[in-house]
Protein chains: 2
Amino acid sequence: MGDIGADVYNKLREQLVAGEFTAGQLLREESLAERFGVSRTPIREALRRLQVEGFIEIAPHRGARVLGWRAEDISEVFALRGVLEPHAARQAALRLSEEDLVVARKLADGMERFAADRPDGFEDQIASLNNQFHTLIVSGSENYRLSEQVQSIMELARVRATFQRYSAHELGRSMSHHRELLDALTARDPEWAESVMKCHIFAARSVYR
Amino acid sequence: MGDIGADVYNKLREQLVAGEFTAGQLLREESLAERFGVSRTPIREALRRLQVEGFIEIAPHRGARVLGWRAEDISEVFALRGVLEPHAARQAALRLSEEDLVVARKLADGMERFAADRPDGFEDQIASLNNQFHTLIVSGSENYRLSEQVQSIMELARVRATFQRYSAHELGRSMSHHRELLDALTARDPEWAESVMKCHIFAARSVYR
DNA sequence: AGAACTGATTTTGCATACAATATCACACCC
DNA sequence: GGGTGTGATATTGTATGCAAAATCAGTTCT
């Protein structure tokens, strides 16, 4: 995709992640084209990509439909994250650069500040930082060849992450997991990092039941 | 994608998996369009999809390039398979239907026959059956929402699987792993199935070093 | 009333035309 | 000789037109 196409894809994707469309909603090429002020061509490419990435489904001649999340889907998501992310953390312990760690620490700091001050809409702010934090670790785990594919799955799996339903206690534990994970990564200790990440995912899963 | 587009995608993908293009080769939209007797439009959609799935890379205004596999990539592939497929086998033990198991047994039988008779090109025949076998198990592990994404990664990871380099001993062991996995699945024993699959992947990795 | 057909309308799928960008060859300058 | 700039060429990116397919409304038949 070129300049316009990439823009359209990013914006559409953002809006999907932000939940601006309801599950099952039909996405018409023509109306999206109007909405973004472009022709159907870049819209089609963006939709195709979002389909492969698992955000929408496209039936031939019938259009694109926003996929929803059932309870079982959420459960699968955590099963998958519980396997993939600890593995990623293990690899990341040996591979992340010092600069990456600096960035990760800043992200964790940011989350803790939001968790302490609790300004309006702080849950979304934390969710955004949290995504960046996990993305950083996953992308530090594989090399360029598989990284994007794994990344894509993990992002899809993290789409529904919201901190609205976290209690103060759970939020605090999540923050402390981040801190401990950073310590493990800084110590370049793969098994420690893997264990912490496993706890982190299991704890997150418990919030969703 | 409609009828033509889906065809183009399938054929292109087959040819990529079959290794009909050399790594680094540029795939020009115009020549592919001629080759398949269609316009550039469905070609572009197929290329976009193959990009997301990790077969090729596309640089804006610069075209599509076939990605190759370096030694580290292969190593990553096995690391990922070593985590994902045992997990999949574990889930599959509880989820595969009896009909699925019948199919899986037939695939294993077929592989063993090829391994015993060793007709011309039997390695490719085994590879094809082996892909179906593993695909069946992975697809039986997740529900519809994440299944295709995981499937897509695992297929990409299995692209290079060739049995050319297996010794008779290694081939025999691989077949016996399949057999044991089927027993574990039939017994609906998740931990057994997971363990066998882990051995299976580790053993396969050893062939590639 | 409900099921099944038929034509109008909408929407997608593909082809084609044009615009924007990158690539390459060749001349030019230092 | 090597680097740099410039125009021609090739290739991709986007828009648009048309054909094919699905949807929907209205009608007819049972």
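Just the heavy atoms: all of them, side chains too, but no hydrogens, waters or symmetry mates, feed the values below. Just so it is clear: chains get the letters A, B, ... in the order the sequence lines come, proteins before strands, and each one is counted from 1.
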Rounding to an integer number of Å, can you tell me how far A/Arg62 CZ sits from D/dA20 P? 19 Å
Quick check on DNA chain C: between A/Gly63 and A/Thr41, whose nearest nucleotide comes earlier from the 5' end? A/Gly63
Between B/Glu30 (CD) and D/dT9 (P), how many Å, whole number? 17 Å
Between atom OH in A/Tyr9 and atom P in D/dT14, what is the gap in whole Å? 15 Å
Is there side-chain contact between A/Arg13 and A/Glu53, with at least one heavy-atom pair below 4.5 Å? yes
Measuring to OP1 and OP2 of D/dG13, would you say a side-chain N or O of B/Arg44 lies under 4.0 angstrom away? yes
Mapping A/Val38 and B/Ala64 onto DNA chain D by nearest heavy atom, which one lands closer to the 5' end? B/Ala64
Return the angle between end axes of the helix from C/dA1-D/dT30 to C/dC30-D/dG1, with five pairs used per end and rounding to 10°. 20°
Contact span of DNA chain C against chain B, any nucleotide atom under 4.0 Å from a heavy atom, 5' to 3', runs C/dG13 to C/dT23
Between D/dG13, D/dG17, D/dA15, which nucleotide gets closest to the side-chain atoms of B/Arg40? D/dG13
Ion pair check, A/Arg70 and A/Asp73, cut-off under 4.0 Å: yes
Taking the nucleotide of DNA chain D with the nearest heavy atom to each, does B/Leu27 or B/Asp3 sit closer to the 5' end? B/Leu27
With A/Arg40, which residues qualify under salt bridge (charged side-chain N to carboxylate O under 4.0 Å, His left out), at least two apart? A/Glu29
Rounding to an integer number of Å, can you tell me how far A/Phe36 CZ sits from D/dT14 C1'? 16 Å
Could you check whether B/Arg105 pairs with B/Asp100 (Lys NZ or Arg NE/NH1/NH2 to Asp/Glu carboxylate O, under 4.0 Å)? no
Any side-chain heavy-atom pair from A/His178 and A/His200 closer than 4.5 angstrom? yes
Atom pair distance, as rounded to whole Å: CZ in B/Arg28 and C1' in D/dT9: 12 Å
Figure out the CD/C1' separation between B/Glu29 and D/dG13, and round it to whole Å. 9 Å
Salt-bridge test for A/Glu98 and A/Arg188: reply yes if a basic N is under 4.0 Å from a carboxylate O, no otherwise. yes
Centres of the B/His87 and A/His87 rings: under 6.0 Å? no
